Structure formats: C-alpha cells, structure tokens
Amino acid sequence: MQVEFWADVICPWCYIGKARFEKALAEFEHRAEITVVHRAFELDPGREGVESVQDVLAAKFGPRAAEMEESVAQLARDEGLGYRLDREVGNTFDVHRLLHLAGERGIGQQVLDAVLRANFAEARSLFTPESLSEIATGAGLDPADVKAVLSDPAAHADEVRADEQRARDLGVTGVPFVVVAGRLAVAGAQPAEVFGRALTQAWEV
C-alpha cells in the first residue's frame, strides 16, 4: 500500500507531522508492506533570496511571532525532534529536485530526513549549492549526481511540478497532506492516532 506525503522542507508542521506519521507507521501491523513516497510542495514558490525565520514571522505576525514559534518548537521537542529558532527561509525548488533524484536512487527517505534535520535541528542552510550538496552527499547521494542536478535547472523540475499539479488537482492548499492508498486523505500534522486510524481504514477497505 502506498502513502503519499506532500510536504515542504521548511514547513515546521511537516517536520512534526512526519514524526507523528512515522510513530503511527511503526505501530502499524502491516508496516512492512507500506511504501511512503515524498511529494513536493512549495509554501512560497515565488520566493527570491534568503531571510531569517524570525524576520519572516515578525513581518507576518508581529509581536506574536516569537511566542508562536516557541510554541511550535515545544511541539517538535515533544516528538523528540531538534528545533532551532535561528533558521533560514528560501526557495525550496532545488531541494525538491534533489529529493526526486534521491527517490530515483532508492534513498529518498534518508535524504529527506537529512534535509529536515539539517534545517530544523542544526540550522544549516538549504539555500546554497555548497551547503545543500554537503547535506545531500552526506545522506548518500553521489556528489557527481548532485552537482549535475544543481547545475541543470531542468533536472527533475518536471517531477516537482507534477507533484505540485497533483496537489492542486486534489485541492491541497497546505501541508502536510497525506494520501493513503490513493483514496484516504489526512490534512495537517495530526496526532499519531489519527494517522494510525487512516492506515488501518485504508488497509481494510
């Protein structure tokens, strides 16, 4: 049974939601027969340049920003996740292209985990070729393959756009968004119990 997981790599709710989903999956009786596929989603596809998370949130939410971010940080820590507040926000299209390469090489989840850990737990930049290459190769991708993708804007671009088009077709407006067995959807960073029920329901249909 296939599970499709739409997410953006700078989305804290995706980071938390992925951990909760994986907790549910670990307890699912038929977990060995589940294939999880990462699907690309850009929260801000038109973004140019790189900013600090603090500046972005302050511009959007004003004085409440710091308190809101600390609240999200605590939820992440409750899931056993590292969470730094001094992160960056930038365009994630290249990251998603590399994740498609990783999926093609059979290590999509390993590279996604490395990217999320680098961003949220370590506050490493995802937005320079040097840093992104180091993260991706450290997770198992071949340096020559990574360089080839990052030097060719067309490489895996169609696959990223196809993911995003399918999300639009499904009416997805936010992430995380999970589709189980092509027919059962779960929106948001739901508790592990909700993901668990969705897995069981889809399996039994």
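Here the structure is a predicted model, which means the values were calculated and not measured.
For residues 46-60, every residue pair satisfying the salt bridge (charged side-chain N to carboxylate O under 4.0 Å, His left out) rule, not counting sequence neighbours, is listed here: Asp44-Arg47, Arg47-Glu51. Within the structure, salt bridge (charged side-chain N to carboxylate O under 4.0 Å, His left out) pairs that include any residue of residues 168-187 do not occur (at least two apart or interchain). Within the structure, side-chain hydrogen bond (donor to acceptor under 3.5 Å, both in side chains) pairs that include any residue of residues 99-111 comprise His100-Asp163, Arg105-Asp145 (at least two apart or interchain). The salt bridge (charged side-chain N to carboxylate O under 4.0 Å, His left out) pairs that include a residue from residues 80-93 are Glu69-Arg87, Arg84-Asp86, where partners are two or more places apart or lie in different chains. Applying the salt bridge (charged side-chain N to carboxylate O under 4.0 Å, His left out) definition to pairs two or more places apart or across chains, those involving residues 1-14 are Glu4-Arg39, Glu4-Arg166. Sorted by first then second residue, the ring pair (Phe, Tyr, Trp, His ring centres under 6.0 Å) pairs that include residues 69-88, not counting sequence neighbours, are Tyr83-Phe120. Each ring pair (Phe, Tyr, Trp, His ring centres under 6.0 Å) pair with one or both residues in residues 132-163, not counting sequence neighbours, would appear here, but there are none. Legend: ring pair (Phe, Tyr, Trp, His ring centres under 6.0 Å) pairs involving residues 37-69, not counting sequence neighbours, sorted by first then second residue: His38-His96.
With hydrogens and angles ignored, the 3.5 Å screen pairs a side-chain donor or acceptor of Ser131 with a backbone N or O of Ser125.
Of the charged side-chain nitrogens involved, at least one lies within less than 4.0 Å of a carboxylate oxygen, so that Glu22 and Lys18 count as a salt-bridged pair.
Note: Thr137 OG1 to Lys147 NZ = 13.0 Å, rounded to the nearest 0.5 Å. With values rounded to the nearest 0.5 angstrom, Glu42 atom CD is found 5.5 Å from Asn91 atom CG.
Across Gly174 and Phe177, no two heavy atoms sit closer than the pair O-CB, 3.9 Å. Nearest heavy-atom pair, Leu150 versus Ser133, reported as atom, atom and distance to 0.1 Å: CD1-OG, 3.3 Å. Nearest heavy atoms, Arg20 versus Ala189: NH1-O, 2.5 Å. Heavy-atom minimum distance, Ala40 versus Val160: CB-CG1, 3.8 Å. Closest approach of Ala136 to Leu98, counting heavy atoms only: CB-CD1, 4.1 Å. What you find for Ala24 and Gly196 is that their closest heavy atoms are CB-N, 3.6 Å.
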Between Val115 and Val95, is a side chain to side chain contact (heavy atoms under 4.5 Å, CB included) present by the stated rule, with each step listed?
CA-CA 8 Å; Val115 166; Val95 186; 3.8 Å; yes
May I have the step-by-step check of side chain to side chain contact (heavy atoms under 4.5 Å, CB included) for Phe127 and Thr92, ending in yes or no?
CA-CA 8 Å; Phe127 310 110; Thr92 58; 4.1 Å; yes
May I have the step-by-step check of side chain to side chain contact (heavy atoms under 4.5 Å, CB included) for Trp6 and Leu170, ending in yes or no?
CA-CA 11 Å; Trp6 272 268; Leu170 291 171; 3.8 Å; yes
Show the numbers, then the answer: is there a side chain to side chain contact (heavy atoms under 4.5 Å, CB included) between Val53 and Leu85?
CA-CA 7 Å; Val53 166; Leu85 303 179; over 6 Å; no
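Contacts of Val186 classified as side-chain contact (heavy atoms from CB on, under 4.5 Å), with partners at least two apart in sequence or in another chain: Val178, Gln190, Val194, Phe195, Ala198. In this structure, the side-chain contact (heavy atoms from CB on, under 4.5 Å) partners of Gln74, at least two apart in sequence or on a different chain, are Arg77, Asp78. Listed by chain and number, the residues in a side-chain contact (heavy atoms from CB on, under 4.5 Å) with Met1 are Ile34, Val180, Ala181, Leu199, Ala202, Trp203 (sequence neighbours excluded). Every residue meeting the side-chain contact (heavy atoms from CB on, under 4.5 Å) condition with Glu122, not counting sequence neighbours, appears here in chain and number order: Arg117, Ala118, Arg124.
Between Trp13 and Val175, the closest side-chain pair of non-hydrogen atoms is not below 4.5 Å.
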